[in-house]
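Have a look at the structure below, then the notes.
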Amino acid sequence: MKNPLIKRLPRELKGEIGKYIVLFLFITMMIGIVSGFLVAAGSMSVAYDESFEKYNIESGNFELLKKPMMMLSRR
């Protein structure tokens with residue numbers, strides 16, 4: 001007995017080629033977008049960490065040479 005899929009599959013692919021092309025393009029674009037986001041996230045975190053040394057960004061902490069006046073310290 002011959003397999004009926006031998007005739008059916010090429011006919012179905014030929015008849016609905018547009019649907020398969022759109023599906024292929026959609027999956028390809030989504031893979032590209034997601035992988036781009038994943039690569040960008042890693043490189044942005046590295047650039048953020050390196051920017052502290054490169055641009056001398058301070059943490060915002062400082063020390064006073066003299067003790068603050070009593071009026072300022074009560075508040």
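Keep in mind that the numbers below use all heavy atoms, side chains included, and drop hydrogens, waters and symmetry copies. All values reported here derive from a predicted model rather than from experimental measurement.
Counting only residues at least two apart or on different chains, no salt bridge (charged side-chain N to carboxylate O under 4.0 Å, His left out) pair has a member in residues 20-38. For the salt bridge (charged side-chain N to carboxylate O under 4.0 Å, His left out) condition, no pair includes a residue of residues 25-46, sequence neighbours left out. The salt bridge (charged side-chain N to carboxylate O under 4.0 Å, His left out) contacts involving residues 36-46 comprise nothing, where partners must be two or more places apart or lie in separate chains. Sorted by first and then second residue, the side-chain hydrogen bond (donor to acceptor under 3.5 Å, both in side chains) pairs involving residues 38-49 (not counting sequence neighbours) form an empty list.
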Contacts under 3.5 angstrom, residues 1-10 side chains, donor-acceptor by atom type, not counting sequence neighbours:
from	atom 1	to	atom 2	distance (Å)
N3	OD1	L5	N	3.2

Distance-only check: which donor-acceptor pairs under 3.5 Å involve side-chain atoms of residues 12-30, not counting sequence neighbours?
from	atom 1	to	atom 2	distance (Å)
E16	OE1	K19	NZ	2.9
T28	OG1	F24	O	2.7

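The hydrophobic cluster analysis finds V39 isolated: no Ile, Leu, Val, Met, Phe, Trp or Tyr side chain comes under 4.5 Å of it, directly or through other members.
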